[in-house]
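A note on names: the letters A, B, ... follow the listed sequences, proteins ahead of strands, and every chain is numbered from 1.
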There are 2 protein chains.
Amino acid sequence: MTLNQLRAFLMVATLGTFSAAAVELQMTQPSISELIKRMEETYGLKLFARGSRRLVLTPAGEGLLPYARQAVDAAAGADRALRSLSSLSGGVATFGLLRNANYYFLSELLEKFNERYPLVRLRIIGLNSVEVAEAVSAGELEAGLVVLPIDSAGLDVTPLMRDEVLYVSASSSRASAPVTISDLAAANLILYDAHYGWRDPTRRQLAERAQLEGCTLSAQIEVEHVETALSIVAGGAGDTIVSRAVTTSKGFPEGLFTTTFADPLYDTIAMVQRTGSVLSPATREIARLARRMLLERMP
Amino acid sequence: MTLNQLRAFLMVATLGTFSAAAVELQMTQPSISELIKRMEETYGLKLFARGSRRLVLTPAGEGLLPYARQAVDAAAGADRALRSLSSLSGGVATFGLLRNANYYFLSELLEKFNERYPLVRLRIIGLNSVEVAEAVSAGELEAGLVVLPIDSAGLDVTPLMRDEVLYVSASSSRASAPVTISDLAAANLILYDAHYGWRDPTRRQLAERAQLEGCTLSAQIEVEHVETALSIVAGGAGDTIVSRAVTTSKGFPEGLFTTTFADPLYDTIAMVQRTGSVLSPATREIARLARRMLLERMP
DNA sequence: TCAGCGTCATAGGGTTATCCTATGGTTCGC
DNA sequence: GCGAACCATAGGATAACCCTATGACGCTGA
């Protein structure tokens, strides 16, 4: 005897069909069927008479009805009580996200959170991982998602997933084989995140590699937005680098070629929060959602 | 939010420790721990303050308590209701009986059943065979006794006994010899069961005979109760038909004459239940008693 | 009469909850 | 301190749960 079983029973008794109850409970008809069946098997009696017509309560079902109603109502009350007591019933959840979040799951995350906690307002901060990391470190944000590497002083960092960084060009020849750092140094690079320049984590990784090779990277053109950079690349003025998630998104221009790095390069996405801090319920919840949705996307 | 979580919460709140609650609920302490933890995580708030001493309810836990109690109680009631229906130690036995049951054995049946199973409450449904047959067919009733013929779609029908239908009149001359259908067509008929009219089984038998003879039957006066009809007949306004059991009952008015039909007419009493259905113990028992008592009365 | 529709039942599979045992960590009383 | 009592955590087996896909059946309209 579980609450789900009682809920299903009640809804079926109210609406008269399994299918309608399934829609109402946001489940599928076979699930309803199974819940009812299990309850019937548990007690060895039928709750509904499955006639050709519509479902009719058996005497046993009739006897169960008032108790089911009471239990489900009480559980709904319990849920309401807890929900209103938790701070998820108000206030503002503040969370930092890396710039690329659009390409991963941002809108879905916000929709899901808002659906579950409609009373909580959301403030999503973050033009770039650098900014997010600094804000979290300073305590302005409780938590956020960033791309590594970052300056991790005063932060708890939990890597969650990684996404490969690709080289993007309008010329098939320049993207015909994995590129090396020296290829990169020789290329016309169209880079974005002008505001943060070489403090950007992905760029930092590249700069470190270049340093080891004894060469220098510099941007031919720097803009703020990835989309702008990609448009320029599509025009043939130069090449750029983006993570794979960007290349598979809808907005990715036609006619661009991609290739990997000879020594594969990855953006590692991590959750950061202030060392030793306790997250507010709302923030914890959105962090939990974000982590789960990211992990679901792991290859 | 599951019932098990609420049960665990309630028991912990009552007993003050996880371990004690585990013993009481026949589970292990880690299981209780996990159930509580999951509920706390779901809502992002603590339900118990884990002090060094003993557990104390947080305000949130305090708020949850009444709802938890109500939900758990209701579920226990549901369980009891269903469990008792699959045994003879409680619950309600529902059974359908034809209208005339009073004249056969109704009170005796109920007394006997109640004496043997005092914990089972009885709900006897049935103003007329038509109604009982439809309710059983739809699954609202598990079984019942009816007079044939009925529409037997979806029903298992077991004839048990028959009782002759007699013609009743205040005039000795009109009841001096067996009556024919044409006699009937010519008579002032005082009929009962107005609500069901010619769907009533006995009336259907008569109507079919009349059809074969090419004549039509119609009621001069229609009332609901047999007793009313008999009073009117005793006043001489017309004649009626009843089964023999009625004529031998205590309430049968003085001064009325009865005769048989020229072509004898019988009410056949049958047990009906839904095709392929399994009766609950209580219903099976009352059906068994009813059948036995009927058969004992067989001529 | 037969195809189309809506209904519930069943099969198969992936995910999660639940529950266990075993063990670690903390707090209290002696 | 040290044992006792208690809660938390880890790891693993089982069952519940929920899904998609498909089958069976009755109803309905051409």
Return yes if some donor-acceptor pair links the side-chain N/O of A:T58 with the main-chain N/O of A:L47 below 3.5 Å, else return no. yes

Polar side-chain atom of B:S129 near backbone of B:V147 as donor-acceptor pair, under 3.5 Å: yes

Under-4.0 Å side-chain N/O to phosphate OP1/OP2 contact, A:K37 with C:dT10: yes

Is any side-chain N or O of B:T17 closer than 4.0 Å to OP1 or OP2 of D:dC6? no

Rounded to the nearest Å, what distance is computed from the [atom1] atom of residue [X] to the [atom2] atom of nucleotide [N]?
X     : N      : atom1 : atom2 : result
A:L55 : D:dG26 : CG    : P     : 15 Å
A:L3  : D:dA16 : CG    : P     : 16 Å
A:L15 : C:dG6  : CG    : C1'   : 16 Å
A:K46 : C:dA9  : NZ    : C1'   : 10 Å
B:E40 : D:dT9  : CD    : C1'   : 15 Å
B:I36 : C:dT18 : CD1   : C1'   : 14 Å
A:E41 : D:dA15 : CD    : P     : 14 Å
A:M1  : D:dA16 : CE    : P     : 14 Å

Under 3.5 Å, is there a donor on one side chain and an acceptor on the other for A:D79 and B:Y43? yes

If you apply the rule salt bridge (charged side-chain N to carboxylate O under 4.0 Å, His left out), what do you find for B:E285 with B:R288, and how did you get there? CA-CA 5 Å; B:E285 185 59 16; B:R288 199 180 62 81; 2.8 Å; yes

May I ask you to check whether over 12 heavy atoms, not counting those of B:E208, lie within 6.0 Å of atom CD? yes

To the side chain of A:S19, which of C:dA9, D:dC7, C:dC8 is closest? C:dC8

What does the B/S/- profile of nucleotides 17-22 of chain D look like, 5' to 3', with a 4.0 Å heavy-atom cutoff to protein? BBBBB-

Nearest 0.5 Å, what's the NZ-OG1 distance between B:K37 and B:T42? 11.5 Å

Are the side chains of A:L45 and B:L82 in touch, meaning some heavy atoms are under 4.5 Å apart? yes

